[in-house]
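In what follows, chains are A, B, ... by sequence order, proteins preceding strands, each numbered from 1.
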There are 2 protein chains.
Amino acid sequence: MRSQKTEKHTSDALALVEEMTGKSKEMADLVEQEQANLDVAREIYALRIKAKLSQAELARKVGTTQSVISRLEDADYDGHSLAMLRRIASALEKRVEIRFVPSPKLTQA
Amino acid sequence: MRSQKTEKHTSDALALVEEMTGKSKEMADLVEQEQANLDVAREIYALRIKAKLSQAELARKVGTTQSVISRLEDADYDGHSLAMLRRIASALEKRVEIRFVPSPKLTQA
DNA sequence: GACAATTATCGCATGTTTGCGATAGAGTGA
DNA sequence: TCACTCTATCGCAAACATGCGATAATTGTC
């Protein structure tokens, strides 16, 4: 978990999303993507915590190293692959469900 | 859409899933993954058809080429990235929703 | 069959993710 | 403070997805 609270490091996607209600049209896409990245990162983090595992422990289950898990839990990281998400899910007795849902459209604030 | 019906090309994930009810434990994972790949490929295909677009047309909207779309709709392809799925979704006025759901466990047949 | 439109597949360059060790920083407890 | 655990971050090689053109294969129509 890089951004968020205490750290002033980089993005702070949440704050961004809340602040900019309806700026430009292209921005909406970027914000949405940040939201999505954030969600994936958060969910991995949440699942890991719920399973009471450290990054290193999850890494071992997944078959990788701690730094990789840390990277995946970084909200600014947007390089997720389905393959990796499935590996994580499988290690936690879950499976990944992908859905294409109608875009909110984000008209006005 | 490579596998399925008419073509005898490669995997035929569906048939596999139906045939092997409860072989080994490791196999279950592979089968599940095939299922998931199939679902993603199928959904992209379904969305594109519903939007009445050819692969070439969707490709243009997404900002890539026809062969790339074809690859994504191949049920045997398992190299999907979230980034690409989002591009597809965005081009079709959708967004991608990722969820980790409890694994069915697949005990016995 | 000939033709057009669409899709599947190949090959290769390029960009990106993963693998993984090393290391730094934060937090905890003795 | 030291020792320990956990997490963040860097750097680089290897593995992998994308970009994209060329070309086969498929399907439908006349």
Check your understanding: Under the salt bridge (charged side-chain N to carboxylate O under 4.0 Å, His left out) test, which residues partner A:R99, sequence neighbours left out?
Key -> A:E97, B:E97
Check your understanding: Between C:dG19 and A:T64, is there an OP1 or OP2 to side-chain N/O distance shorter than 4.0 Å?
Key -> yes
Point to revise | Whole-Å gap separating P (C:dT6) and CG (B:L58) | key: 13 Å
Check your understanding: If you check the A:S54 side chain, which of D:dT18, D:dC6, D:dG19 turns out closest?
Key -> D:dC6
Study note, to complete from the structure: Residue pair B:G79/B:G63 against DNA chain D: nearer the 5' end by closest nucleotide is B:G79
Review point. According to a strict under-4.0 Å criterion, is A:R60 in side-chain N/O contact with OP1 or OP2 of C:dC20?
Key: no
Exercise for review: Can you see which heavy atom on A:L92 is nearest to which on A:A51, and at what distance?
Suggested key: CD2-CB, 3.9 Å
Review point. So among A:T64, A:T65, A:I69, which one has a side-chain contact (heavy atoms from CB on, under 4.5 Å) with A:S67?
Key: A:T65
Review point. Does B:S81 put a side-chain nitrogen or oxygen below 4.0 Å from OP1 or OP2 of D:dT18?
Key: yes
Revision key, fill the gap. Side-chain atoms of B:V68 come closest, of D:dA8, C:dA8, D:dC20, to D:dC20
Review point. If you check every side-chain atom of B:R87, which of C:dT18, D:dA17, D:dG19 has the closest atom?
Key: D:dG19
**Study point:** Separation of C:dT18 P from A:Q66 CD (nearest whole Å)
**Key:** 15 Å
Practice item. Let me know the distance between OH of B:Y77 and C1' of D:dG19, rounded to the nearest Å. Key: 12 Å
Check your understanding: In whole angstrom, what separates A:R71's CZ from D:dA8's C1'?
Key -> 12 Å
Point to revise | Under-3.5 Å donor-acceptor pair between A:S67 side chain and C:dG19 base | key: no
Check your understanding: Rounded to the Å, how far apart are A:L72 CG and D:dT7 C1'?
Key -> 14 Å
Review point. Can you tell me how far P of D:dT7 sits from CD of A:E57, to the nearest Å?
Key: 9 Å
Check your understanding: In whole angstrom, what separates B:E73's CD from D:dT18's P?
Key -> 13 Å
Check your understanding: With sugar-phosphate meaning primed atoms plus P, OP1 and OP2, does B:T65 contact a base, only sugar-phosphate, or nothing at under 4.0 Å between heavy atoms?
Key -> base
Exercise for review: Quick one: which residue pairs count as a salt bridge (charged side-chain N to carboxylate O under 4.0 Å, His left out) with a foot in residues 44-55 of chain B, not counting sequence neighbours?
Suggested key: B:R48-B:E73
Revision key, fill the gap. A:I69 atom CD1 is separated from C:dT17 atom C1', nearest whole Å, by 14 Å
Check your understanding: How far does NZ of B:K61 sit from CG of B:L53, to the nearest 0.5 angstrom?
Key -> 6.0 Å
